[in-house]
K.L.:
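Handing you this structure, nothing more for now.
So that the names make sense, note that chain A is the first sequence line, chain B the second, and so on, each numbered from 1.
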Amino acid sequence: MDGGAMRHTIFKTRWGYFGLVCQGQAVCRTSLPAASQTAARQSLLTGANLGPADVPFEKDLLAALQRRIVAYFEGENVDFSTDPAVCLPNLSVFGQAILAACRQIAFGRTQTYAQLAASAGRSQAARAVGNVMARNPVPLIVPCHRIIRADGGLGGFSGIGGTAMKQRMLLHERVSDRTVCLQD
DNA sequence: CAGCACTAATTCA
DNA sequence: TGAATTAGTGCTG
C-alpha cells in the first residue's frame with residue numbers, strides 16, 4: 001500500500017522554513033514555517049519516527065506544490081482542498097473523515113469543532129475532533145487552523161507557533177466573515 | 001483506562 | 001451580565 005520511496009524537502013517562505021514529506025506524489029506530512037531549517041526538520045520528522053536517513057532530502061520535491069505554499073505565505077488565496085494527494089497512514093476512519101471534511105473548508109472561512117463533528121455524523125464528538133486536529137499530520141494542506149471554538153474562542157493549536165500561529169494564519173486569510181473577534 | 005485543540009448548562013459574584 | 005465550574009461527551013494511545 002505504498003507508492004514509492006519517501007522523501008522530504010524544506011524550503012523558505014516569507015514566514016520561515018516549511019517542511020514537507022511525501023511518498024510518491026502523495027503528501028504524508030507537513031510542518032508550518034519554522035525559524036530555521038533545523039527546527040523545521042525536527043518538527044517535520046519528530047513524531048513520525050523518521051530520521052533524515054529514512055527520508056532523503058530532495059530540493060525540488062513537488063516543486064509546483066512548493067510554489068503554491070510559498071504563494072500562500074505571500075498572502076495569495078491558494079486552494080489546497082483537492083490538489084495535493086495526501087497519504088494518511090495509521091489514521092482511524094473517524095480521523096480520516098474529519099480531516100477530509102476539514103479540507104473542504106475554504107480559504108478565509110471557519111468552522112467550529114462541533115460543526116466539523118456534525119459533518120462527519122457525530123454531532124456530539126467535538127472534543128474528539130480536537131483530538132484529531134491536534135495530531136493533524138498535514139497542517140495547511142488540511143487547514144486545521146480554521147477550526148475554532150463554538151464560543152468564539154480560538155481553541156488550541158499544537159503546531160509550530162501554537163495559538164499565535166493559528167491566529168496569525170486566520171488574520172492572514174482575513175477572517176472577517178463573522179464569529180472570531182480575535183481578541184477584543 | 002486516563003486524557004484531550006469541546007460544549008451547553010449551572011452556579012456564583 | 002459575565003466569569004468560573006460542572007457534567008456529558010467520543011476518540012486515542
K.L.:
Taking any heavy-atom pair under 4.0 Å as a contact, classify A:Ala125: base, sugar-phosphate, or nothing.
P.N.:
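Sugar-phosphate, no base atom in range.
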K.L.:
Rounding to the closest angstrom, what is the interatomic distance between B:dC4 and C:dG8 at atom C1'?
P.N.:
14 Å
K.L.:
Under a 3.5 Å cut-off for both contacts, is C:dA3 paired Watson-Crick or G-U wobble with anything, and if yes, with which nucleotide?
P.N.:
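Checking every strand shown, C:dA3 finds its partner in B:dT11, with both distances under 3.5 Å.
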K.L.:
Side chain of A:Arg127, heavy atoms from C-beta onward: which of C:dG10, B:dA5, B:dC6 has the nearest atom to it?
P.N.:
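Output: B:dC6.
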K.L.:
Measure from the side chain of A:Arg135, starting at C-beta and using heavy atoms only, and say which of C:dG13, C:dG10, B:dC6 lies closest.
P.N.:
C:dG13
K.L.:
Mind checking A:Phe94 for me? I need base, sugar-phosphate or nothing, with any heavy atom below 4.0 Å counting as a touch.
P.N.:
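It contacts sugar-phosphate atoms only.
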K.L.:
Just to be sure I understand the rule, does A:Thr163 reach a base, reach only the sugar-phosphate, or reach nothing, if contact means heavy atoms closer than 4.0 Å?
P.N.:
nothing
K.L.:
Would you call A:Arg68-A:Asp83 a salt bridge at under 4.0 Å N-O?
P.N.:
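Between A:Asp83 and A:Arg68 there is a salt bridge, with a charged N closer than 4.0 Å to a carboxylate O.
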K.L.:
Which part of the nucleic acid does A:Arg122 contact within heavy-atom distance under 4.0 Å: base, sugar-phosphate only, or nothing?
P.N.:
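Sugar-phosphate, no base atom in range.
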K.L.:
In whole Å, measure the gap between the C1' atoms of C:dT9 and B:dG3 for me.
P.N.:
13 Å
K.L.:
Would you mind telling me which of B:dC6, B:dC4, B:dA5 lies closest to the side-chain atoms of A:Ala126?
P.N.:
B:dC6
K.L.:
Parallel, tilted or perpendicular: which describes the rings of A:Phe18 and A:Phe73, with under 30° parallel and over 60° perpendicular?
P.N.:
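The arrangement is tilted - the two ring planes meet at 30° to 60°.
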